[in-house]
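Working notes, beginning with the structure itself.
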Amino acid sequence: QVQLVESGGGLVQAGGSLSLACAASGGTFSSYTMGWFRQAPGKERAFVAGISWSGGTTAYSDSAKGRFTISRDNAKNTIYLRMNSLKPEDTAVYYCAAAFAFSSAGVHGAPQYWGQGTQVTVSS
């Protein structure tokens with residue numbers, strides 16, 4: 001059973017930056033596609049960014065492109081999300097996810113594993 005634990009959320013002013021991390025345990029981390037999703041109040045959970053098992057392929061939502069960067073360190077069983085130029089509309093609970101497929105067209109199928117989420121709040 002894979003366990004995912006997010007960290008790094010918090011309060012930041014618009015235009016600022018924040019980095020999230022997700023540590024995985026209990027599975028073969030290096031074999032999983034990993035990613036980040038977010039859910040704002042009153043909205044559905046949405047894909048933010050994904051990264052292949054090797055780190056060689058990444059994908060981003062339109063809202064994240066050019067501002068967010070996903071990366072992974074398989075030696076540390078950890079993925080990261082660097083968020084720059086944050087906007088109030090980025091406010092959401094951010095979830096780490098594992099074991100799903102994605103392409104430039106989006107996510108294909110639901111992730112098998114989810115973290116508990118970390119709150120990101122961007123003030124205007």
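Just so you know, residue 1 is the first one in the sequence shown, and it goes up from there. What's counted below: heavy atoms across the whole structure, side chains too, no hydrogens, waters or symmetry copies.
- Nearest approach of Thr28 to Ser31, heavy atoms of both residues: O-OG, 2.7 Å.
- Although no hydrogens or angles enter the test, the distance criterion places no donor-acceptor pair under 3.5 Å between the side chain of Thr118 and the main chain of Tyr94.
- Side-chain atoms of Ser63 and Arg38 include a donor-acceptor pair closer than 3.5 Å.
- Under the ring-ring contact (aromatic ring centres under 6.0 Å, His included) criterion, Trp53 pairs with no residue at all, not counting sequence neighbours.
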inquiry  = Please evaluate residues Thr91 and Gln119 with respect to the criterion side chain to side chain contact (heavy atoms under 4.5 Å, CB included), reporting the C-alpha separation (whole Å), side-chain torsions for both, the decisive distance (0.1 Å), and the verdict.
reply    = CA-CA 8 Å; Thr91 295; Gln119 177 70 46; 3.9 Å; yes

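- For the atom pair Ser61 OG and Phe37 CZ, the distance stands at 10.5 Å (nearest 0.5 Å).
- Hydrophobic clustering (ILVMFWY, side-chain heavy atoms < 4.5 Å, transitive): Phe68 and Val120 are in one cluster.
- With a 4.5 Å cut-off on side-chain heavy atoms, Met83 and Leu20 count as touching.
- Clustering ILVMFWY residues whenever any of their side-chain heavy atoms sit less than 4.5 angstrom apart, transitively, puts Val107 in a cluster other than the one holding Leu4.
- Distance check: Trp36 CH2 to Tyr60 OH gives 12.5 Å after rounding to the nearest 0.5 Å.
- In terms of heavy-atom proximity, Ser124 sits nearest to Pro88 at CB-CG, 3.8 Å.
- One finds the OH atom of Tyr113 at 4.0 Å from the OH atom of Tyr32 (value rounded to the nearest 0.5 Å).
- Within the 4.5 Å cutoff, no side-chain heavy atoms of Pro111 are placed close to those of Tyr95.
- Side-chain contact between Phe29 and Met34 is present, with at least one heavy-atom pair separated by less than 4.5 Å.
- Distance check: Arg67 CZ to Arg82 CZ gives 13.0 Å after rounding to the nearest 0.5 Å.
- Distance alone, capped at 3.5 Å, places no donor-acceptor pair between the Tyr80 side chain and the Asp73 backbone.
- Of the inter-residue distances, the one linking Ile79 atom CD1 with Ser71 atom OG reads 8.5 Å to the nearest 0.5 angstrom.
- Between Val2 and Gly27 the shortest heavy-atom distance is CG2-CA, 3.9 Å.
- Summarising the geometry of Gly117 relative to Val93, their closest heavy-atom pair is CA-CG1, 3.8 Å, with the distance given to 0.1 Å.
- Under the 4.0 Å criterion applied to side-chain N and carboxylate O atoms, Lys65 and Asp62 are assigned as salt-bridge partners.
- Between Gln39 and Lys43, the shortest heavy-atom distance links the atoms NE2-O, 3.1 Å.
- Rounding to the nearest 0.5 Å gives a distance of 11.0 Å between CG of Leu81 and CD of Glu6.
- Trp114 and Phe47 fall within the same hydrophobic cluster, where Ile, Leu, Val, Met, Phe, Trp and Tyr residues are linked whenever their side-chain heavy atoms come under 4.5 Å apart, directly or through other members.
- Without hydrogens or angle criteria, Arg72 side chain to Thr33 main chain gives no donor-acceptor distance under 3.5 Å.
- Nearest heavy-atom pair across Gly109 and Phe100 is O-CB, 4.2 Å.
- Between Glu89 and Val122, the closest side-chain pair of non-hydrogen atoms is not below 4.5 Å.
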